[in-house]
Amino acid sequence: MKRITLCADDYAQSPAINRAILRLVEMGRLDAVSCLTLSPTWKADARNLLAAENGQRVGLHFNLTLPFDQPARKVSTIMASCLLRKIDKATLLRTFDSQWQSFIRFFGRPPDFIDGHQHVHVFPVVREIITTEIAARSPSCSIRSLSPPSGLPSHLLKRSVLECFNRRMVTLIREKGLSSNHTFAGFRSYPSSTDFPVLFNRWLSAATDDTLIMCHPGFAGSDTTDPIRNCRPDEFLYLSSPEFENDLRAADISTAPRKKVAPLIHGDFGIQPTVA
């Protein structure tokens with residue numbers, strides 16, 4: 001039997017997303033939750049997740065695009081700045097530190113893992129800062145790899161570009177003695193007509209041991225700035241249904257075993273940044 005990890009991204013982005021993720025956590029359908037700690041509601045959202053979690057891993061969803069406390073920026077603009085090495089490292093490091101400290105301040109412990117909103121964590125410059133900071137701050141914190149299972153062909157341009165960036169990220173992870181998932185699935189286009197159960201079963205068929213599958217569940221919301229808001233309810237309906245559990249059994253797949261939740265830690269884990 002193969003084991004996978006199912007991770008819900010974007011926790012703390014909006015109340016509609018939060019409610020859906022918390023419901024799936026309570027149902028035991030999720031193995032991991034990735035959090036946006038710059039959200040103005042993060043303090044309350046962290047408290048709610050702490051109350052609901054039953055062994056899920058909880059991580060930092062590193063954000064450079066959502067306009068919580070910064071101007072909205074297109075991911076394509078950030079990608080270009082990173083490729084040209086024109087992004088300001090000092091500003092980037094302060095942004096990382098702020099989100100890291102916010103996670104610890106309101107969740108009570110360091111994140112179990114880190115990934116990126118719109119996958120910015122694998123971009124040039126960003127990946128160097130993240131791997132260096134994780135190695136110094138919390139080496140047990142894993143980093144999301146975007147390496148695809150061999151049975152999942154690349155057909156999306158976005159996915160192909162990110163996989164290219166990811167190869168260097170994986171090298172940095174190994175060089176610094178850090179950990180990551182073995183393979184990754186969950187890339188998709190987001191028309192509202194997409195049949196999510198069909199997509200998910202395709203990912204299950206390609207999954208290997210230690211594949212991480214990302215998902216984006218949510219209830220119907222009024223956030224018109226969320227480009228995938230119409231797709232989130234479909235994901236929630238499937239993941240909360242008996243069909244989801246039946247499909248796991250049919251694919252001879254189990255989700256990753258729950259980790260024992262560590263007691264709350266008092267103190268400051270935010271050591272001084274190490275990258276100039």
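Numbering starts at 1 and runs along the sequence shown.
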Query raised in the report: What pairs of residues pass the side-chain hydrogen bond (donor to acceptor under 3.5 Å, both in side chains) test when at least one of them lies in residues 116-126, not counting sequence neighbours?
Result: Asp10-His117, His61-His117, Thr65-Gln118

Query raised in the report: Quick one: side chain to side chain donor-acceptor pair (under 3.5 Å) partners of Gln13, sequence neighbours excluded?
Result: none

**Report entry** Residues which pass side chain to side chain donor-acceptor pair (under 3.5 Å) with Asp226, listed by chain and number, not counting sequence neighbours
**Finding:** Arg232

**Report entry** Within 6.0 Å of NZ in Lys43, more than 12 heavy atoms from elsewhere
**Finding:** no

**Report entry** Contacts of Ser102 that satisfy side chain to side chain contact (heavy atoms under 4.5 Å, CB included) - sequence neighbours left out
**Finding:** Thr37, Trp42, Arg105, Phe106

Approximate separation, where rounding is to 0.5 Å, of [X] [atom1] and [Y] [atom2]:
{"X": "Ile17", "Y": "Ile228", "atom1": "CD1", "atom2": "CD1", "value": "7.0 Å"}
{"X": "Glu128", "Y": "Leu92", "atom1": "CD", "atom2": "CG", "value": "10.0 Å"}
{"X": "Arg167", "Y": "Leu162", "atom1": "CZ", "atom2": "CG", "value": "11.0 Å"}

Between [X] and [Y], does any side-chain donor sit less than 3.5 Å from a side-chain acceptor?
{"X": "Arg144", "Y": "Ser34", "value": "no"}
{"X": "Thr171", "Y": "Arg174", "value": "no"}
{"X": "Asn181", "Y": "Asp210", "value": "no"}
{"X": "Thr208", "Y": "Thr211", "value": "yes"}
{"X": "Ser147", "Y": "Asn166", "value": "yes"}
{"X": "Gln99", "Y": "Asp97", "value": "no"}

Query - Side-chain donor or acceptor of Gln56 paired with backbone N/O of Asn54 under 3.5 Å - result: yes

Requested in this report: Could you check Leu248 against Ser254 for side-chain contact (heavy atoms from CB on, under 4.5 Å), going step by step and ending with a plain yes or no?
Outcome: CA-CA 6 Å; Leu248 288 178; Ser254 67; over 6 Å; no

Query raised in the report: Listed by chain and number, what are the ring-ring contact (aromatic ring centres under 6.0 Å, His included) partners of Tyr238, not counting sequence neighbours?
Result: Phe196, Phe200, Phe244

Query raised in the report: How would you list, by chain and number, every residue that makes a ring-ring contact (aromatic ring centres under 6.0 Å, His included) with Phe236, sequence neighbours excluded?
Result: Phe219

Any salt bridge linking [X] with [Y]? Criterion: basic side-chain nitrogen under 4.0 Å from a carboxylate oxygen.
{"X": "Arg19", "Y": "Glu26", "answer": "no"}
{"X": "Glu133", "Y": "Lys176", "answer": "no"}
{"X": "Arg3", "Y": "Asp31", "answer": "no"}

Between [X] and [Y], which heavy-atom pair has the shortest distance, and what is it?
{"X": "Trp100", "Y": "Pro110", "result": "CZ2-CB, 4.3 Å"}
{"X": "Asp45", "Y": "Asn18", "result": "OD1-ND2, 3.2 Å"}
{"X": "Ala251", "Y": "Lys2", "result": "O-CE, 4.5 Å"}
{"X": "Pro148", "Y": "Glu163", "result": "CG-OE2, 3.4 Å"}

Requested in this report: Apply side-chain contact (heavy atoms from CB on, under 4.5 Å) to the pair Asp247 and Leu204, showing each step before the final yes or no.
Outcome: CA-CA 8 Å; Asp247 289 343; Leu204 291 181; 4.2 Å; yes

Report task. Take Ile114 and Phe96, measure what side-chain contact (heavy atoms from CB on, under 4.5 Å) needs, and give me the verdict at the end. Result -> CA-CA 11 Å; Ile114 185 168; Phe96 173 85; 3.5 Å; yes

